[in-house]
Amino acid sequence: MNDQRQLADEFHRLRGHLRGVASRILGSSDEADDAIQEAWLRANRSDVGVVENVPGWLTTIVGRVCLDMVRSRLRRPEVPIDVGTPDPPAGDTASSDPAEAAELADSVGLALLVVLDRLTPAERVAFVLHDLFAVPFAEIAEVVERSPDATKKLASRARQRVRGAPKLPACDVERHRRVVEAFLAATRAGDLYGLIAVLSPDVERRADRVALRRYARAHVRGAGEVAQETLTNGQQARFAEPALIEGEVGAVVAPRGRLRFVLQFVVHDDRIAAIEVVGDPLRLRQLDIALCAPVTSA
């Protein structure tokens, strides 16, 4: 690497890869763009003449920038949720940029973003870099400032939390996941009869007071009643994705990858027999949430 022009060309060539790394670590397209800009500034100030593996070097720079950003995010005070006004504020039921939300959902997966948010910053970076982008542990160790062995343990802990511990055999998890996906698909499509078909005749839906829409009932019973009430939340279903909740197949509702609600299901004979909607922040933090499908590499 003889000059900054060559560095600029290489950075441009790798921009898609680097942005993919940043978006998966940060869970935000806007923040990923900021991270790429900061990574370029850091790289441009460095002596690139001694760099042997430029793609790996740039990836570790992006990883360091993202690690700093995740740590900074955790230091910010959280905005309290007003449980007295359960309807979301205008614009919060969807991303302010639907294209960005769709990009995140397609490229990262909303459930994965929710699970990654429950990892420590170092675990998150180690897992994303190694399991999704096959970055060697020796290089990740430089990012998280740990030994390679300690970095392996970080990634292993993260992997266990991401995968979770299903309470059912894999074949039953897959069967229940298909039922939940059919429920979510019918909800998104506004398909009343499709919903009724996947619900048990005497299905019950319960919701806590944070999850309730204004004037909604806490307890609804019967396939027709539950299906009609579910369709009033069709907009939220755009941001729903199956996940393991306490070892059982459920769903997370996570606009921009930020957890808002959890749906817990009881499935009998390939139909949903009960639904519990959780929106209380304390309960959400206490729930064990993991993926119910394998994580695929980028």
Side-chain angles (χ1 to χ4, degrees), residues 78-95 101 105 110-111 114 167 175-289 292:
E78 292 185 359
V79 178
I81 296 176
D82 182 357
V83 297
T85 55
D87 277 355
D92 196 47
T93 57
S95 165
L110 296 176
V114 169
K167 293 181 178 179
R175 197 174 75 253
H176 288 194
R177 185 174 66 83
R178 287 197 296 267
V179 172
V180 171
E181 286 179 339
F183 172 88
L184 294 176
T187 305
R188 294 187 195 104
D191 182 358
L192 177 64
Y193 295 109
L195 269 175
I196 291 174
V198 80
L199 297 172
S200 295
D202 58 351
V203 61
E204 296 186 63
R205 194 278 291 147
R206 299 180 185 275
D208 64 32
R209 65 191 184 114
V210 179
L212 285 174
R213 293 167 58 106
R214 196 170 281 121
Y215 311 122
R217 290 174 289 167
H219 181 206
V220 181
R221 183 169 185 171
E225 291 286 327
V226 171
Q228 297 231 18
E229 193 268 348
T230 298
L231 290 183
T232 66
N233 295 299
Q235 201 174 33
Q236 295 281 3
R238 291 186 296 154
F239 308 104
E241 196 170 281
L244 281 182
I245 313 296
E246 298 294 332
E248 305 275 1
V249 180
V252 294
V253 180
R256 288 180 174 266
R258 303 293 181 256
L259 183 62
R260 188 172 183 85
F261 305 115
V262 156
L263 280 68
Q264 295 181 269
F265 298 98
V266 175
V267 178
H268 287 318
D269 297 327
D270 292 336
R271 287 192 172 189
I272 294 172
I275 306 169
E276 182 173 4
V277 188
V278 180
D280 179 81
L282 178 59
R283 290 188 65 196
L284 290 177
R285 285 194 293 270
Q286 292 172 338
L287 288 172
D288 181 22
I289 301 176
C292 60

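Bear in mind the structure is a predicted one, so any value in this text is a computation, not a measurement. In this chain, numbering begins with 1 at the start of the sequence shown.
- Summarising the geometry, atom CG belonging to L212 is positioned 12.0 Å from atom CZ belonging to R206; distances are rounded to the nearest 0.5 Å.
- The line from CZ of F265 to CZ of R205 is 11.5 Å long, rounded to the nearest 0.5 Å.
- Applying the side chain to side chain contact (heavy atoms under 4.5 Å, CB included) test to N233 and every residue at least two apart in sequence or in another chain returns R213, E229.
- Note that CD of E204 and CD1 of I275 are 10.5 Å apart. Values are rounded to the nearest 0.5 Å.
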Determine whether L259 and I289 satisfy the following criterion, side-chain contact (heavy atoms from CB on, under 4.5 Å), listing intermediate values before the conclusion. CA-CA 11 Å; L259 183 62; I289 301 176; 3.7 Å; yes
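- Residues V210 and P281 share a closest heavy-atom pair of CG2-CD, 4.5 Å.
- Remark: R221 engages no residue in a side chain to side chain donor-acceptor pair (under 3.5 Å) (not counting sequence neighbours).
- Put simply, the side chain of D208 gets close to the backbone of G279: a donor and an acceptor are under 3.5 Å apart.
- By the side chain to side chain contact (heavy atoms under 4.5 Å, CB included) test, A240 pairs with L184, V253, sequence neighbours left out.
- To the nearest 0.5 Å, atom CG of residue L244 and atom CG of residue L287 are 12.5 Å apart.
- Looking at residues two or more places apart in sequence or on another chain, you find a side chain to side chain contact (heavy atoms under 4.5 Å, CB included) between A111 and E241, A243, V252, L291.
- Here the closest heavy-atom approach between residue L231 and residue G190 is recorded as CD2-CA, 3.7 Å.
- Annotation: the span from Q286 atom CD to D280 atom CG amounts to 8.0 Å, rounded to 0.5 Å.
- In this structure, the side chain to side chain donor-acceptor pair (under 3.5 Å) partners of E276, at least two apart in sequence or on a different chain, are R283.
- Atoms OG1 and CZ, on T230 and F183 in that order, are 4.0 Å from each other to the nearest 0.5 Å.
- Annotation for L195 and A227: closest pair CD1-O, 3.7 Å, computed over non-hydrogen atoms.
- Legend: residues meeting side chain to side chain donor-acceptor pair (under 3.5 Å) with E181, ordered by chain and number and at least two apart, are R177.
- Residues passing the side chain to side chain contact (heavy atoms under 4.5 Å, CB included) test with A223 are I196, L199, V203, sequence neighbours excluded.
- Among all heavy-atom pairs drawn from V180 and G250, the shortest one is CG1-O, 3.7 Å.
- For residues 262-271, the pairs satisfying salt bridge (Lys or Arg N to Asp or Glu O under 4.0 Å) are R175-D270, with sequence neighbours left out.
- For E246, there are no salt bridge (Lys or Arg N to Asp or Glu O under 4.0 Å) partners at least two apart in sequence or on another chain.
- Between L110 and A254 the shortest heavy-atom distance is CD2-O, 3.5 Å.
- When every heavy atom of A251 is checked against every heavy atom of I245, the shortest pair comes out as N-CG1, 4.1 Å.
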